[in-house]
Amino acid sequence: MSADVVSLAAAWVRHWTDRPNDPVLVDDQGRTLVGRQVNEMTAQRASDLAASGIARGSRVLLSCAPSIDLALTYIALMRLGITVLPANTGYTERELEHLVTDARPVAAIVDDPRRLHGFDRWGVDVVVSAEVPLPHAPIRHELLDQADADDSAFIAYTSGTTGAPKGAVLTQANLLAGAKAVVQAWEWQAADRLVMALPLFHMHGLGVGLNGSLLAGSSVVVVPRFSVDAVLDAIARHAGTMFFGVPTMYARLAASDRVSELSALRLAVSGSAPLPVSVWHRLAKRSGVQVLERYGMTETVMLTSNPLHGERRCGTVGVPLPNVDVRLGEGGAVQVRGPNVFTHYLNRDRESQEAFTDDGWFITGDIGQWDDANYLQLVGRASELIITGGFNVYPPELEDVLREHPLVIDIAVVGTPDEEWGEVVTAYVVLDDSASAYSSWRDTLAAHAGERLAPYKVPRVWHRVGELPRNAMGKVVRSELTPP
Ligand code: MLC
Ligand code: AMP
């Protein structure tokens, strides 16, 4: 890629122009779109979006299940220079309302018509779904691939310290640097084919999987929903060379009779949460595959990776990626710097300022140490963040919602270790006396949370306790929470 390319879309389009007949997007049924088709279809879609009033610099919420169609829409938005707000398809109306009122997108693109309610009320002008497609407009080549390095490209919502998620603003340059680093480190080639079963609304699927594949000029098989069989079938049928997954996916693959089929891959990468050493060894033993673990964040795209060549050390996240600096501050606080690091949190000056040290390093909130070969080991988190199956749950948000229920006097939520999920969301609750009359207070509270928050945030384990352990400041001592 030449140095003058400053946006992702401009880099992608060069591949499609240079090699128009190479495959780019493949679905699990084998439908394949080559570079020329992706180029033309996304030029059309971008022009349709432009005709509906969406212009460079506009913000657009995008919340759809993984498909080739979603990839085309995403590419079209990036070609127009839109700031994309990727949103979890499991979000409830309450969660979407927070994003919309915080970021004020001009449009929302949502694949499930049941999730369209609310947007008009929240002042979103254009709502696009399969049911409400846009009319075709004349192609406007002059509008395409014009984004500058400093244009915002993503507002990615991530755990907030005060309960509600906050939007990390990443520029074109941030996303380009993030994708470029992994393309280089993993020697991602045009001939590679990534089997993708991750959701396309988080950094892992979108910022690494899709952006990286397109930047490498390679192809991606979009698997609509993860299952062991769907992934292994896609690898076999479509000659996959790479797979990216969260540890929960690897735990399920490791337990499968078909695990040896992973050996067809050139590279299997794990991230978003710690990969248990036991799972790494089981996979190595049963399939011969040494999973490559890497570490990243919404705010920074990718930070460190185990080496492609050389020793992959399980239980570590490897060494800094090209152009990324990593240092350990007081208490092992992992701090990072590089062209991949985001600029600020939207509408949150104080939190944006507090996220960086005085000399400009981003404070990740992770605690680490260097091992004897200078590989980074993550040993904990400064915050109360729970990661379950690769999705983040921030206890204050969940506790606030549960506290709204009249049965709840007091509540604290923690993650408890689990081999498959990494952590499971566990609630310790002090209930109102009347709750004894409810044999099903758990179901009542789970339903209350489930109506207001995405399913993965709902506690799986509930403990009724007499009181919560608190310190002299009145703060709950989470480490002292143990099942009664
Ligand atoms: C699904 N469920 C979860 C869950 N995923 N519960 C807790 N945690 C999760 N992660 C719920 C379902 O709603 C369902 O609830 C029940 O669990 C069983 O569902 P399942 O069919 O077994 O789960 P499945 O749909 O197979 O999903 C598991 C999964 C999914 C691992 C495929 O969680 C997933 O796609 N995770 C990837 C997350 C991700 O992309 N993270 C990247 C963040 S970016 P019920 O009530 O119906 O039984 C990032 C930066 C970086 O972190 O470094 O990458
Ligand atoms: P998110 O906010 O969804 O981007 O999640 C980022 C967090 O995921 C990081 O701060 C880490 O705590 C965690 N994380 C990502 N990759 C790894 C990994 N390989 N090992 C341990 N934790 C990880």
Side-chain angles (χ1 to χ4, degrees), residues 65-66 86 88-90 154 156-160 165-166 168 170 178 182 196-210 212 223-231 244-253 269-277 280 291-306 313-318 321 333-334 336 342 362-368 375-394 415 418 420-426 443 446-447 449-450 453-461:
N88 194 313
T89 49
F154 271 19
Y157 276 78
T158 181
S159 327
K166 53 191 188 223
L170 289 114
V182 291
M196 264 280 300
L198 285 157
L200 292 176
F201 46 68
H202 275 316
M203 201 43 88
H204 199 163
L206 213 47
V208 194
L210 191 53
V223 176
R225 189 156 187 272
F226 172 84
S227 73
V228 167
D229 286 335
V231 165
F244 296 170
V246 297
T248 300
M249 296 177 178
Y250 283 106
R252 293 184 187 175
L253 284 160
V269 180
S270 176
S272 306
L275 181 67
V277 170
W280 191 93
V291 174
L292 180 147
E293 185 167 5
R294 58 67 181 170
Y295 159 51
M297 273 186 97
T298 299
E299 288 92 333
T300 64
V301 201
M302 294 298 104
L303 292 166
T304 69
S305 171
N306 270 276
R313 289 195 164 199
C314 59
T316 83
V317 291
L321 282 163
V334 179
V336 299
F342 81 130
F362 173 59
I363 306 162
T364 61
D366 293 306
I367 309 292
Y375 284 39
L376 183 65
Q377 283 175 322
L378 296 177
V379 293
R381 288 181 212 117
S383 73
E384 299 145 359
L385 173 71
I386 301 168
I387 306 185
T388 169
F391 284 133
N392 293 359
V393 181
Y394 203 70
D418 181 85
E420 182 184 358
W421 293 97
E423 292 176 285
V424 284
V425 178
T426 304
D443 295 345
L453 299 170
Y456 65 89
K457 296 181 187 173
V458 178
R460 292 278 181 91
V461 181

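In listed order, ligands and their atoms are each counted from 1. In what follows, residues are counted from 1 in the order of the sequence shown. From a predicted model like this one, the values you see are computed outputs, not experimental measurements.
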Asker: To which protein heavy atom is atom 15 (O) of ligand 1 closest, and what is the distance rounded to 0.1 Å?
Answerer: R460 NH2, 4.8 Å
Asker: Got a salt bridge between R460 and E420, using NZ or NE/NH1/NH2 to carboxylate O under 4.0 Å?
Answerer: no
Asker: Test of understanding: with salt bridge (Lys or Arg N to Asp or Glu O under 4.0 Å), list the residues that count as partners of R313, not counting sequence neighbours.
Answerer: E311, D371, D372
Asker: Considering only the protein, which heavy-atom contact is closest to atom 37 (C) of ligand 1, and what is its distance?
Answerer: G389 O, 3.5 Å
Asker: Using a 4.0 Å heavy-atom cut-off, which part of S272 comes near ligand 1: side chain, backbone, both, or neither?
Answerer: both
Asker: Which atoms of ligand 2 have any heavy atom of N392 under 4.0 Å away?
Answerer: 1 (P), 2 (O), 3 (O), 5 (O)
Asker: Contact between G205 and ligand 1, counting heavy atoms under 4.0 Å?
Answerer: no
Asker: At what distance is the nearest protein heavy atom to atom 20 (P) of ligand 1, and which residue and atom is it?
Answerer: R252 NH2, 4.0 Å
Asker: Which protein non-hydrogen atom lies closest to atom 21 (C) of ligand 2, naming both residue and atom, and how far is it?
Answerer: P274 N, 3.3 Å
Asker: Closer than 4.0 angstrom: is that true for some heavy atom of K457 and an atom of ligand 1?
Answerer: no
Asker: Residue-level breakdown please: for A273 versus ligand 2, do any non-hydrogen atoms fall below 4.0 Å on the side chain, on the backbone, on both, or on neither?
Answerer: backbone
Asker: Could you tell me whether T364 and ligand 2 have an N or O pair separated by under 3.5 Å?
Answerer: no
Asker: Only one of T388, V424, T248, V461 passes side chain to side chain contact (heavy atoms under 4.5 Å, CB included) with D418; say which it is.
Answerer: V424
Asker: Does ligand 2 have a heavy atom under 4.0 Å from the side chain of D366, from its backbone, from both, or from neither?
Answerer: side chain
Asker: Checking contacts now, so for atom 52 (O) of ligand 1, which I'm interested in, is there any protein heavy atom under 4.0 Å?
Answerer: yes
Asker: What part of R381 sits under 4.0 Å from ligand 2 if we count only heavy atoms: the side chain, the backbone, both or neither?
Answerer: side chain
Asker: Tell me whether ligand 2 is touched by R294 - counting only heavy atoms on the residue side and a distance under 4.0 Å.
Answerer: yes
Asker: May I ask you to identify the nearest protein heavy atom to atom 41 (N) of ligand 1, giving residue, atom name and distance to one decimal place in Å?
Answerer: G390 O, 2.9 Å
Asker: What do you think, any protein heavy atom under 4.0 angstrom from atom 47 (O) of ligand 1?
Answerer: no
Asker: Quick one: look up the protein heavy atom nearest atom 8 (N) of ligand 1 and list residue, atom name and how far away it is.
Answerer: T388 OG1, 2.9 Å
Asker: May I ask you to identify, for H202, whether its side chain, its backbone, both or neither come under 4.0 Å of ligand 2 on a heavy-atom basis?
Answerer: neither
Asker: Counting heavy atoms only, which part of L385 comes closer than 4.0 Å to ligand 2: side chain, backbone, both or neither?
Answerer: neither
Asker: State if S272 counts as touching ligand 2 under the rule of any non-hydrogen atom under 4.0 Å.
Answerer: yes
Asker: Could you tell me whether atom 12 (C) of ligand 1 has at least one protein heavy atom nearer than 4.0 Å?
Answerer: no
